[in-house]
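All remarks here apply to the structure that follows.
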Amino acid sequence: MQEVSKKRIAVFKANKRGYWSLWIFSFLFIVSLFSEFIANDKPLFISYKGAYHFPVFKSYSEKVFGGDFESEADYRDPYVQTLIEKNGFMIWPFIKYSYHTIKMDSSLSFPSPASSENILGTDDQGRDVFARVLYGFRISVLFGLALTILSSMIGVVAGAMQGYYGGKVDLYGQRFIEIWSGLPTLYLLIILANYIQPTFWWLLGLLLLFSWTGLVGLVRAEFLRARNFEYIKAARALGQSDRMIMFRHILPNALVATVTFMPFILSGSITTLTSLDFLGFGLPAGSPSLGELLAQGKENIQAPWLGISAFVVLSVLLSLLVFIGEAFRDAMDPNIAQSMEIK
């Protein structure tokens, strides 16, 4: 098994486009996980009268810095900045705006073009586009990963049950999937959006109800093929349980197709979330969203940086995932591994 893994890794590395796409995607995703340290309307560190404060992790009252109010300090307020700088200093992140921060002191109308303070300009509500792209990238990838992993787990279990037991289990299961996958998901989302305020977890749960059917056919076919192999019959004769046979002996082979398709499922999940946000049925209003930024670009054609920023980020993200998926597909193909070995 170790030798097979080494061959697959070698095949994956041989696909330079997919190999470097994985590195680029990993770098961008890891950077986005630290969005609060890159774009935030709170300082990373404050030294005030010898005491150290970390506003990114903890909320501090304005009175802590000599102010008048018990509410959390507004660090972008010149009055608060003056209070702190009299007895200490602040270290700000690269971008002094979070995804929801409105630029109140702007002399330009919104959306405003790129400047030294807002490197990608602002949107039609005065929020920094770079900050919204950064946070939107993170939430899109996290949503896609969660939906991909959960739907793959459900799809693998459903396909394994159908393929292994066959008969009525397979027959009724297939008829149910045919009916279930034919339901209009978008219409259901539109209808439910009138009664329930969409949230990250609400959207994830609803899309999960319909996205798990994609892998059932692949896993089912593998289990139907492998359940009558000699080593499976021998395992039954030795008294091993069905669960042990399914998930220890057959599933590793079925996972080859599953892993191959996961990057494509991830790109489809991100596209679905972006589409819902673009139509106004996705994440709550104000959430960092690439789809909402695309919608702003459509409504504000005089501000091309809005649509271009979202388009470039989505194009790069989806292209990287497709290239990674192609490399995984090659790595899992036994014919390609065999040809490399001959060479």
Side-chain angles (χ1 to χ4, degrees), residues 26-106 110 112 115-123 125-147 149 197-205 273 277 282-290 292-293 309 313:
S26 300
F27 172 77
L28 293 176
F29 179 54
I30 291 173
V31 168
S32 70
L33 292 178
F34 297 93
S35 297
E36 285 80 5
F37 299 93
I38 300 173
N40 208 326
D41 55 3
K42 300 178 181 179
L44 300 177
F45 173 78
I46 294 177
S47 175
Y48 182 77
K49 292 184 177 180
Y52 300 145
H53 305 282
F54 301 90
V56 174
F57 299 105
K58 184 179 178 181
S59 297
Y60 296 98
S61 167
E62 186 179 302
K63 283 193 170 184
V64 174
F65 307 108
D68 303 319
F69 301 106
E70 291 286 354
S71 58
E72 183 178 3
D74 180 6
Y75 301 99
R76 295 186 55 81
D77 186 346
Y79 173 70
V80 175
Q81 293 181 8
T82 302
L83 289 176
I84 296 174
E85 290 172 355
K86 280 183 179 179
N87 298 283
F89 63 91
M90 296 183 290
I91 298 177
W92 284 90
F94 176 67
I95 300 294
K96 296 182 180 181
Y97 296 90
S98 185
Y99 67 89
H100 53 73
T101 308
I102 298 176
K103 189 176 181 180
M104 304 296 294
D105 56 349
S106 176
F110 300 131
S112 59
S115 63
S116 58
E117 191 175 2
N118 306 103
I119 58 177
L120 292 180
T122 61
D123 65 3
Q125 297 182 39
R127 299 169 299 191
D128 186 78
V129 173
F130 180 85
R132 292 190 65 79
V133 165
L134 184 64
Y135 283 85
F137 180 93
R138 180 176 67 178
I139 198 170
S140 296
V141 175
L142 289 176
F143 182 89
L145 286 173
L147 185 59
I149 293 173
Q197 175 64 42
T199 64
F200 179 93
W201 298 108
W202 183 86
L203 283 174
L204 180 64
L273 178 64
D277 288 333
L283 296 171
S287 300
S289 166
L290 299 178
E292 189 258 352
L293 195 58
S309 298
V313 172

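Source: prediction; values computed, not measured.
With a 4.5 Å cut-off on side-chain heavy atoms, Lys58 and His53 do not count as touching. Residues Phe200 and Leu283 meet the side-chain proximity criterion, which asks for heavy atoms closer than 4.5 Å. Residues Phe137 and Val31 are not in side-chain contact: their nearest non-hydrogen atoms beyond the backbone lie 4.5 Å or more apart. Using a 4.5 Å cut-off on side-chain heavy atoms (C-beta onward), Lys103 and Glu117 make contact. Here the side chains of Thr122 and Tyr97 are not in contact, with every heavy-atom distance at 4.5 Å or above. A 4.5 Å side-chain heavy-atom check between Trp201 and Leu204 finds at least one atom pair inside the cut-off. Tyr60 is not listed as a side-chain neighbour of Ile46, based on a closest heavy-atom distance of 4.5 Å or more. Contact of the Asn40 side chain with the Trp92 side chain is not registered, since no non-hydrogen atoms from C-beta on lie closer than 4.5 Å.
For the atom pair CG (Asp77) and OG1 (Thr82), the distance works out to 8.5 Å, reported to the nearest 0.5 Å. Phe54 CZ to Ile91 CD1: the interatomic distance, rounded to the nearest 0.5 Å, is 9.0 Å.
The backbone N or O of Phe65 sits less than 3.5 Å from a side-chain atom of Tyr48, completing a donor-acceptor pair. The main-chain N or O of Thr101 is never found under 3.5 Å from a side-chain atom of Ser98 such that the two would form a donor-acceptor pair. The closest donor-acceptor contact from the side chain of Ser61 to the backbone of Phe69 lies under 3.5 Å. Using modelled atom types, no side-chain atom of Ser47 and backbone atom of Phe89 make a donor-acceptor pair closer than 3.5 Å.
Closest approach of Phe130 and Ile38 over heavy atoms only: CE2-CG2, 4.4 Å. Contact detail for Asp277 and Gly282: the closest heavy-atom pair is OD1-CA, 3.1 Å. Leu134 and Ala39 make their closest contact through CD2-CB, 4.3 Å (heavy atoms, listed as atom of the first residue, atom of the second, distance). When every heavy atom of Gly66 is checked against every heavy atom of Tyr79, the shortest pair comes out as O-OH, 4.3 Å. Ser140 and Leu290 make their closest contact through OG-CD1, 3.9 Å (heavy atoms, listed as atom of the first residue, atom of the second, distance). Between Lys42 and Val56, the closest heavy-atom pair is O-CG2, 4.4 Å.
Under the salt bridge (Lys or Arg N to Asp or Glu O under 4.0 Å) criterion, the residue pairs touching residues 59-71 are Lys63-Glu70, with sequence neighbours excluded. Counting only residues at least two apart or on different chains, the salt bridge (Lys or Arg N to Asp or Glu O under 4.0 Å) pairs with a member in residues 126-142 are Glu36-Arg138, Asp123-Arg127, Asp123-Arg132, Arg127-Glu292, Arg132-Glu292.
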Kindly determine whether Ile119 and Phe94 satisfy side-chain contact (heavy atoms from CB on, under 4.5 Å), including the steps that lead there. CA-CA 11 Å; Ile119 58 177; Phe94 176 67; 4.2 Å; yes

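Residues passing the salt bridge (Lys or Arg N to Asp or Glu O under 4.0 Å) test with Lys96, sequence neighbours excluded: none.
Taking the six-membered ring where the residue is Trp, Tyr135 and Tyr99 present tilted rings, their angle falling between 30° and 60°.
Ring centers of Phe57 and Phe37: under 6.0 Å apart, within the cut-off.
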